[in-house]
Amino acid sequence: MPGIVLGVGLFLSYTRPPFVLYGTLWILYRVSHHQFAVGLQQLQAAFATIHPELEDASRILGATRLQSLLQITAPLLRTGVIATWCFIFIGVMRELSAAIVLFTSQTKVLSVLIYDLNESGDLAAISVLGIAMLVITFAVVLAVNQIPMFGGNATARLRNS
């Protein structure tokens, strides 16, 4: 669904009682949910790569369902989940089409602020905000990749096993 269609739909839905969310940060949080459909597709692909016989083998060897999930399925899904989270994070950081319909002067997000500065012709401020957005996104993705549990030092762990 295009972001502008989602933005107009949310505007029409949440400007009337019982849920008046327009003008709050909750409506902009709600915008990020349209990225979850893409994330769900990526997670389905990650689940498809795990053969069901791996879990069946652990069950035959005496593991419970929870043990199979925690010791077999979760470690195999870890990189797919982290990649999906990073993909959604980057998509939410650059979301403009729905946010531009739903922002107020109190709830401007970075993408809308950059758009407003472009309209006023302030290229220096746009450059600073764009670089700040790039640095924030890069730092988050780098931090997630450095956590050993989420993929950092994966080759060293495999060699030591």
Side-chain angles (χ1 to χ4, degrees), residues 1-103 107-112 131-161:
M1 173 184 318
I4 193 74
V5 173
L6 177 73
V8 171
L10 289 173
F11 176 79
L12 293 174
S13 299
Y14 293 119
T15 55
R16 300 183 185 117
F19 300 111
V20 181
L21 295 179
Y22 184 73
T24 66
L25 283 177
W26 289 105
I27 193 74
L28 294 173
Y29 171 73
R30 181 72 178 97
V31 167
S32 67
H33 283 97
H34 101 311
Q35 293 286 333
F36 292 146
V38 176
L40 181 62
Q41 288 177 343
Q42 287 183 337
L43 286 178
Q44 283 177 340
F47 268 108
T49 62
I50 298 174
H51 205 284
E53 289 181 1
L54 292 171
E55 192 173 336
D56 292 343
S58 70
R59 298 277 306 184
I60 289 171
L61 293 172
T64 64
R65 287 186 189 268
L66 183 61
Q67 287 173 329
S68 295
L69 176 70
L70 294 177
Q71 295 174 357
I72 307 272
T73 309
L76 292 172
L77 282 177
R78 183 179 305 139
T79 55
V81 169
I82 297 304
T84 300
W85 182 86
C86 287
F87 185 77
I88 290 173
F89 175 77
I90 291 168
V92 168
M93 282 291 288
R94 64 176 179 77
E95 175 62 44
L96 175 66
S97 56
I100 205 152
V101 174
L102 300 170
F103 84 97
T107 58
K108 278 191 180 178
V109 291
L110 257 153
S111 56
V112 173
I131 290 172
M133 241 171 110
L134 181 68
V135 166
I136 290 169
T137 303
F138 181 73
V140 167
V141 171
L142 184 66
V144 166
N145 283 324
Q146 292 302 315
I147 298 172
M149 188 172 87
F150 295 140
N153 267 346
T155 36
R157 277 197 320 262
L158 287 175
R159 272 189 244 135
N160 294 335
S161 296

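- Pairs of residues two or more places apart, or lying in two chains, never qualify as side chain to side chain donor-acceptor pair (under 3.5 Å) while including a residue from residues 134-143.
- Interatomic distance, NE2 of H51 versus CG of L76, reported as 12.5 Å (0.5 Å rounding).
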Ignoring hydrogens and angles, write down the donor-acceptor pairs under 3.5 Å from the side chains of residues 62-71, residues two or more places apart or on other chains.
{"from": "T64", "atom 1": "OG1", "to": "Q67", "atom 2": "N", "distance (Å)": "3.2"}
{"from": "Q67", "atom 1": "OE1", "to": "T64", "atom 2": "N", "distance (Å)": "2.9"}
{"from": "S68", "atom 1": "OG", "to": "S58", "atom 2": "OG", "distance (Å)": "2.6"}
{"from": "S68", "atom 1": "OG", "to": "T64", "atom 2": "O", "distance (Å)": "3.1"}

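- Minimum heavy-atom separation, I50 to T73: CD1-O, 4.0 Å.
- With rounding to the nearest 0.5 Å, the separation of CD1 in I72 from CG in L54 is 6.5 Å.
- Expressed to the nearest 0.5 Å, how far CG of L77 lies from CD1 of I82 amounts to 11.0 Å.
- Residues satisfying the side chain to side chain donor-acceptor pair (under 3.5 Å) test with Q42, not counting sequence neighbours, are T84.
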